[in-house]
Each structure stands twice: as C-alpha cells, then as structure tokens.
Amino acid sequence: MNKFYWSFILLSLLNIQIFYGQNIKISERLTITKITENSYIHTHSRSNGLIYKNNGEAIIVSTPPSDEVTKELLNWVKEELNVRIVAYVIDRWHPDAMEGLDVVKEFGIKTYSYVKTQEIAKLKNLPIPEIGFDPKLEIKVGRENVICHFLGAAHTTDGIVVWVSKEKVLFGGNEVRNYNGWVGNIADANISEWSNTIMKVKKEYGSAKYVVPGHGKYGGVELLDYTIKLYKPHKWGQILRNHNIEVKKIFNDYDLIFEVAEDDSVNGNIRILKDATVFVDNDSRYFKISSPIIKHNVKSKRIDSEYGRLQSFSKSEKGNIILSDIYYKRLIVNLRDDEVGIEIILKEMIN
C-alpha cells in the first residue's frame, strides 16, 4: 500500500472526527450539530431539536422558537440533506418546542404529538398538531422506525422522548437536563414525578449512546442519571418541614447526615459549623443535634460537639414523636462503614 493511499485514509478519518460534534452555522440564528452518521441537533436561542434521516426521508423533532428560523431549518433539511420530510414531531406544548408549528403545516408536513399536547394546545388556542398518539408511536423513516413515547409528567405534563434505535440517539427534550446548564422554567412541571419519569425513560432507553436535552450540550446516558438525581425527592425534606427548618447559608448533604448552619469554616479535614442543626439518620428513627458549634471531620467521618441538645425522633407519618430529649456537655457521632452504621457517644449529660 503506497504512502499516498495511507495519507488519504488518515485525512478522511480526520475529516470525520472534525465534522462529528462540531457546529455548522446555517445562519446567524440557526446552528446544526452532526452527532452520528444520520442524526443532527438543530439549535436556536439555546433550544435544541433533532433531525434524523434515512434512505431519502427525514423526521424532525421540536420546532425552533421562531417562525423564521423554523423556515430556515425546513429549507436546509430539504435542500442540503436532499430528503423528503415525512414527519414533524412536537415533543411538548411550550413555545420552544412548537412556536414554528404553523410554518411546518404550511410546508404540508404531517405533524405528530402526544394527545395531551393536542388537548393543551386547543385549550390555549395554539396551533394543534394533526396526529395524536397515546402513549407511544412508531414512525417509519426510510427503512427504520423512530419511537415517540410519553412516559410520565416531568418538565410538563405532556413531554415525550424520541428514540432512534438505529443510531442509539435519545431526544429527551426538556425532560432531560444538561450538566451545570440551563435549569429552566418549572411553572408547569411535576417536580415530585420528574425523577420517577426519567427512571422509566432510562429503563426503556438506557442503551442510548447519545442523549439530547432540550437545552445545552448533548451527552450520554449519564444525563439521565444527572436528571434523576437533580429532581429526586430528598429523604430529609419532610423532616425539615416537620421541624420548620429552612436551609441557611450552607447545605451539607451526606448519606447518613444532613447539616444546616448559619456559617461554616474549614480547618484541614474539619468543617466547623456555627449555630448548627445536624440530623443523623438511623433506620426507624433519627437524631437532631442542636449546638452553637459542631465540628465535622469528613475524612474520619466523625462529628464532635462540646455542648448542645440531642433529640431522638421516630420516623412516623404522624409527625414528630420524641423518643428522648437530652442536653449534653460532650457528644461524639461516628459514621461507621459496617452494619452498625452510626455510633453515638455521650461523654457527659446535663440533668
């Protein structure tokens, strides 16, 4: 094999690497990012959508939040990708997903959405997608099927995900969040169900190689895990409400303890909490430690307090049931890695 041939192969590989994942600026307002051989992200005003093409046909998910940019997108897909757009999927009722729906209809393209999106659009006097499904639909694009699926309420009560099995691409829309990025509008969100919904998404489409959020940079299945954790109901939430405690300046959340304080400082491995309340979890009950100063050695997993109040509560749906209430002069809490879990040592109590 000659030197020229090797050089040609190397150059071709470099071109592929440079092209994939890079932004293609179509206009001042519209950007296209190619993520696989046949899948692209379209972005306008930080809002993402998906394009998938196969065997001369294409499907687009989510319109840009602009009629003009939606028209730019449709023209680019038809002319540059040289395909026929067989379906346009609206993934939720918000403007950043269906603002350009009227333009799509003017192009004569079939439009699809979850039935609840149709219902909400009708109630709000918005353009209505033509074809509704509940809860799942497969759309033929070329020789492959694309799955549209409603799995529960999250960012909105009607948001769906779209799965391109052939490319292992999952469009999560605003159901999925990107790392350290846009958190977004939660006015129509079901916060308590969001995490559960994404757990269902992961169960169905956890083999995804590419996950596209509604806003921000795409990633892998780790974005699903990130979103699950972001909106998972906190185990300490009800306890804090029962005690009428608001999180103050710091928020230290560990597996077995939850710390709230007015102020903190760090000396080596020791975090010093001032005017602190610390909750310690222990199976069927929990402990509340209140003290002007509490020291937490993160490395040795130890909490020290010279004086304060230790209360023990049962974990009950009926509310706070006090099991014990003690004032102390010296307290040590060790967080153990064995089956004991927590060790609480009272050096001296105040009667």
Side-chain angles (χ1 to χ4, degrees), residues 15 18-113 117 121 124 126-131 139 141-142 146 148 155-156 159-162 164 167 169-174 176 178 181-182 184-185 210-218:
N15 283 340
I18 291 169
F19 189 62
Y20 284 2
Q22 278 198 347
N23 294 334
I24 308 165
K25 201 165 181 63
I26 305 307
S27 69
E28 288 301 314
R29 300 173 293 184
L30 177 63
T31 302
I32 304 292
T33 305
K34 184 172 184 177
I35 56 173
T36 70
E37 181 62 31
N38 297 297
S39 299
Y40 306 76
I41 300 170
H42 64 80
T43 306
H44 166 56
S45 293
R46 300 164 63 202
S47 295
N48 296 328
L50 185 70
I51 307 163
Y52 171 65
K53 67 181 180 71
N54 182 274
N55 198 39
E57 295 183 343
I59 186 172
I60 308 177
V61 183
S62 198
T63 79
S66 159
D67 286 350
E68 295 79 8
V69 179
T70 300
K71 188 173 183 179
E72 288 179 5
L73 173 65
L74 293 170
N75 286 329
W76 183 86
V77 171
K78 289 173 63 179
E79 295 167 10
E80 297 300 321
L81 297 184
N82 192 28
V83 292
R84 181 171 68 92
I85 304 169
V86 295
Y88 209 118
V89 176
I90 302 302
D91 62 292
R92 61 192 183 279
W93 72 268
H94 279 181
D96 54 352
M98 61 176 287
E99 181 69 27
L101 183 55
D102 278 339
V103 174
V104 177
K105 289 185 174 185
E106 288 172 7
F107 273 66
I109 300 166
K110 287 183 180 179
T111 56
Y112 300 79
S113 77
T117 305
K124 293 182 177 292
L126 298 170
I128 303 170
E130 298 169 78
I131 303 166
I139 301 175
V141 182
V146 172
C148 307
H155 171 254
T156 59
I160 66 167
V161 298
V162 179
V164 184
E167 310 270 293
V169 172
L170 177 70
F171 180 76
N174 275 20
V176 177
N178 68 305
W182 186 84
N185 173 23
Y210 305 93
V211 176
V212 182
H215 301 271
K217 186 171 174 56
Y218 70 94

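Keep in mind it's a predicted model, so treat the numbers as computed, not measured.
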Least distance between heavy atoms, A97 atom then S62 atom: CA-OG, 3.3 Å

CD-OH distance between E167 and Y52, expressed to the nearest 0.5 angstrom: 5.0 Å

Evaluation steps, side-chain hydrogen bond (donor to acceptor under 3.5 Å, both in side chains), between T31 and N23: CA-CA 6 Å; T31 302; N23 294 334; 5.8 Å; no

Value rounded to 0.5 Å, distance of CG in N174 from OG1 in T156: 8.0 Å

V89 side chain near I160 side chain, heavy-atom distance below 4.5 Å: yes

Residue pair H215 / D96, side-chain heavy-atom distance below 4.5 Å: yes

Any L30 side-chain heavy atom under 4.5 Å of L73 side chain: yes

OG-NZ distance between S39 and K34, expressed to the nearest 0.5 angstrom: 9.5 Å

Residues which pass ring pair (Phe, Tyr, Trp, His ring centres under 6.0 Å) with H94, listed by chain and number, not counting sequence neighbours: H155

Side-chain touch T33/Y218, heavy atoms, less than 4.5 angstrom: yes

Close side-chain approach of I51 and I32, heavy atoms under 4.5 Å: yes

L50 and V164, any side-chain heavy atoms less than 4.5 Å apart: yes

Where N178 and P213 come nearest, the two heavy atoms and their spacing: CB-CG, 3.9 Å

L81 CG to K78 NZ distance, which is reported to the nearest 0.5 Å: 12.5 Å

Main-chain N/O of T111 paired to E130 side chain as donor or acceptor, under 3.5 Å: yes

K105 atom NZ, over 12 foreign heavy atoms within 6.0 Å: yes

Straight-line distance of K53 NZ to I85 CD1, nearest 0.5 Å: 13.0 Å

Check: T63 side chain, E99 main-chain N or O, donor-acceptor pair, under 3.5 Å: yes

Shortest non-hydrogen contact from C148 toward V162: SG-CG2, 4.4 Å

Nearest atoms (heavy-atom pairs only) where V83 meets A58: CG2-CB, 3.5 Å

Non-hydrogen side-chain atoms of I109 and L74 separated by less than 4.5 Å: yes

Contact check, side chains of L101 and P129, non-hydrogen atoms, under 4.5 Å: yes

Where at least one partner belongs to residues 66-77, residue pairs that pass side-chain hydrogen bond (donor to acceptor under 3.5 Å, both in side chains), sequence neighbours excluded: S27-E72, R29-E72, S66-E68

Side-chain (Y112) to main-chain (D91) donor-acceptor, under 3.5 angstrom: no

Minimum-distance pair of heavy atoms, taken over all atoms of R92 and G173: NH1-CA, 4.1 Å

Minimum heavy-atom distance P127-M98, with the two atoms named: O-CE, 3.1 Å

Rounded distance [0.5 Å steps], CD1 in I41 versus NZ in K217: 8.0 Å

